[in-house]
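Written out below as structure tokens is the structure these notes cover.
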Amino acid sequence: MREDPIGSRLEEFRLDVAALDLRPARVAAAAGYPGGHAPEPFAHMIRETLEAVAAHADVRAGFRLFPPGALTLEDRAFRLAGVGFEAGAIIGRSLRGSTAAAVFAATAGRAYDDWIRAHFDRNDLVRGFLIDAIGSEIAEAAAEWLDAQIVAGAAARGLAATNRLSPGYCGWCVAEQHKLFGFLPERFLGITLTATSMMSPLKSVSGVVGLGSAVERGDYPCRMCDLGHCYRRRAEFEE
């Protein structure tokens, strides 16, 4: 844990792949199989590839926690530690009641990107696609694990937490990613941003969680959003 002059707290974690929710059904759903039911031989390929993931993933996650009073809200915008964000109406409503916040990031690591690229470079497209899909799930599962830590820490202080909210979703311009990463140390978790605000390693997730005594965590507001490729729109999966 590290402190900084504005009173926020920084925490970083390195995660074991075994600690993540990476069930074969989850991967199959991410790969486009309804209900998470993949046919053979693809189901076997999923299980086989999952067994190899630990040798290539360097899963890391972390967040900077800002105290009550650091976050102020407007209808379509918010200000965190003096920095303004034009996040749009959906994000604004989702943060309602928040006075504190956590800025977070999680990644599958740079070696994982190399693993994906190596398969596409040798034209092993099916395996490359599968490894790519698993990488997205690793980053998301790491963010879920981190979210649980944020929620538990907030609850211990008598605060509730919003859903995780990320630039690029719900009308929040991805270019504001640079502002979020301005709150984190340079190359935090090994992540850098491109000029177009994409994260490298590619299999990374970032965003903000609002915290407050009057916060209510609800379902993601998908019916109000027109982003058709959002991961929250995927069909639910089951074992």
Side-chain angles (χ1 to χ4, degrees), residues 1-17 19-20 56-72 77-88 91 95 98 100-118 132 135-151 153-154 161-162 164-170 172-211 231:
M1 183 180 75
R2 286 184 268 171
E3 302 284 345
D4 75 3
I6 60 174
S8 62
R9 191 175 84 240
L10 185 72
E11 297 203 24
E12 302 174 47
F13 307 90
R14 182 168 260 116
L15 306 181
D16 190 324
V17 170
L20 303 178
H56 300 276
D58 178 19
V59 187
R60 301 171 65 188
F63 63 87
R64 185 176 287 284
L65 185 66
F66 294 86
L71 179 68
T72 56
F78 67 90
R79 184 169 290 274
L80 179 59
V83 178
F85 293 84
E86 297 292 332
I91 298 294
L95 286 171
S98 301
V103 172
F104 72 87
T107 183
R110 201 162 297 279
Y112 199 93
D113 279 9
D114 295 339
W115 193 33
I116 297 170
R117 191 177 303 110
D132 185 279
S136 297
E137 294 308 305
I138 290 172
E140 180 61 22
E144 289 170 1
W145 182 92
L146 189 67
D147 183 59
Q149 312 310 305
I150 294 170
V151 169
T162 69
R164 290 182 285 117
L165 305 165
S166 297
Y169 294 91
C170 299
W172 188 2
C173 180
V174 71
E176 296 211 322
Q177 190 96 268
H178 284 279
K179 294 181 183 179
L180 277 186
F181 273 84
F183 291 124
L184 301 172
E186 186 175 1
R187 299 185 64 84
F188 183 60
L189 311 177
I191 300 172
T192 58
L193 293 180
T194 68
T196 56
S197 305
M198 300 300 292
M199 286 178 283
S200 178
L202 182 62
K203 299 306 177 183
S204 301
V205 178
S206 69
V208 64
V209 176
L211 308 170
Y231 68 95

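Looking at Ile138 and Val17, their side chains never come closer than 4.5 Å, going by heavy atoms from C-beta outward. For the pair Leu211 and Ile150, the minimum side-chain heavy-atom distance is below 4.5 Å. Put simply, the side chain of Met199 reaches to within 4.5 Å of the side chain of Leu193, judged on heavy atoms. Side-chain contact between Leu165 and Cys170 is absent, with no heavy-atom pair separated by less than 4.5 Å. Side chains of Val103 and Phe63 form no contact here, defined as non-hydrogen atoms less than 4.5 Å apart. Residues Leu95 and Phe85 fail the side-chain proximity criterion, which asks for heavy atoms closer than 4.5 Å.
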**Request:** Take Val59 and Phe13 through the side chain to side chain contact (heavy atoms under 4.5 Å, CB included) test and state the conclusion after the steps.
**Result:** CA-CA 9 Å; Val59 187; Phe13 307 90; over 6 Å; no

**Message:** Using the rule given for side chain to side chain contact (heavy atoms under 4.5 Å, CB included), can you reason through Tyr169 versus Val174, listing the C-alpha separation, both sets of side-chain angles and the distance that settles it, and then say yes or no?
**Reply:** CA-CA 8 Å; Tyr169 294 91; Val174 71; over 6 Å; no

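Summarising the geometry of Pro167 relative to Gly207, their closest heavy-atom pair is CD-CA, 4.1 Å, with the distance given to 0.1 Å. Shown here for Pro201 and Asp113, the closest heavy-atom pair between the two residues is CA-OD2, 3.2 Å. Between Arg110 and Gly190 the shortest heavy-atom distance is NH2-O, 2.7 Å. When every heavy atom of Ala106 is checked against every heavy atom of Ala143, the shortest pair comes out as CB-N, 3.9 Å. What you find for Val151 and Ala161 is that their closest heavy atoms are CG2-CB, 3.9 Å. Closest non-hydrogen pair, Leu189 versus Gly62, comes out as CD1-N, 3.7 Å.
With rounding to the nearest 0.5 angstrom, the NE2 atom of His56 is 11.0 Å from the CD1 atom of Ile116. Put simply, CG on Leu71 and CZ on Phe66 are 10.0 Å apart, with the number rounded to the nearest 0.5 Å. The distance from atom CG of Leu65 to atom CG of Leu10, rounded to the nearest 0.5 Å, is 10.0 Å. Separating the SG atom in Cys173 from the NZ atom in Lys179 is a distance of 9.0 Å, to the nearest 0.5 Å. In this structure, the separation between CE on Met198 and OG on Ser204 is 10.0 Å, given to the nearest 0.5 Å. With values rounded to the nearest 0.5 angstrom, Leu180 atom CG is found 8.5 Å from Phe104 atom CZ.
For Ser98 (side chain) and Ala100 (main-chain N/O), no donor-acceptor pair under 3.5 Å exists by modelled atom type. Side-chain atoms of Tyr112 never come within 3.5 Å of backbone atoms of Asp58 as a donor-acceptor pair (strictly under, hydrogens ignored). One N or O on the side chain of Gln149 and one on the backbone of Trp145 form a donor-acceptor pair closer than 3.5 Å. Here the side chain of Arg164 pairs no donor or acceptor atom with the backbone of Val208 at under 3.5 angstrom. For the pair His178 (side chain) and Thr194 (backbone), a donor-acceptor distance under 3.5 Å is present. For the pair Lys203 (side chain) and Thr107 (backbone), a donor-acceptor distance under 3.5 Å is absent.
Residue pairs meeting the salt bridge (charged side-chain N to carboxylate O under 4.0 Å, His left out) criterion with at least one member in residues 186-201: none, sequence neighbours excluded.
Listed by chain and number, the residues in a ring-ring contact (aromatic ring centres under 6.0 Å, His included) with Phe181 amount to none (sequence neighbours excluded). Not counting sequence neighbours, the partners of Ser206 by the side-chain hydrogen bond (donor to acceptor under 3.5 Å, both in side chains) test are Gln177.
Checked for salt-bridge contact, Glu12 and Arg64 miss the test: no charged N lies under 4.0 Å from a carboxylate O. Checked for salt-bridge contact, Asp114 and Arg117 meet the test: a charged N lies under 4.0 Å from a carboxylate O.
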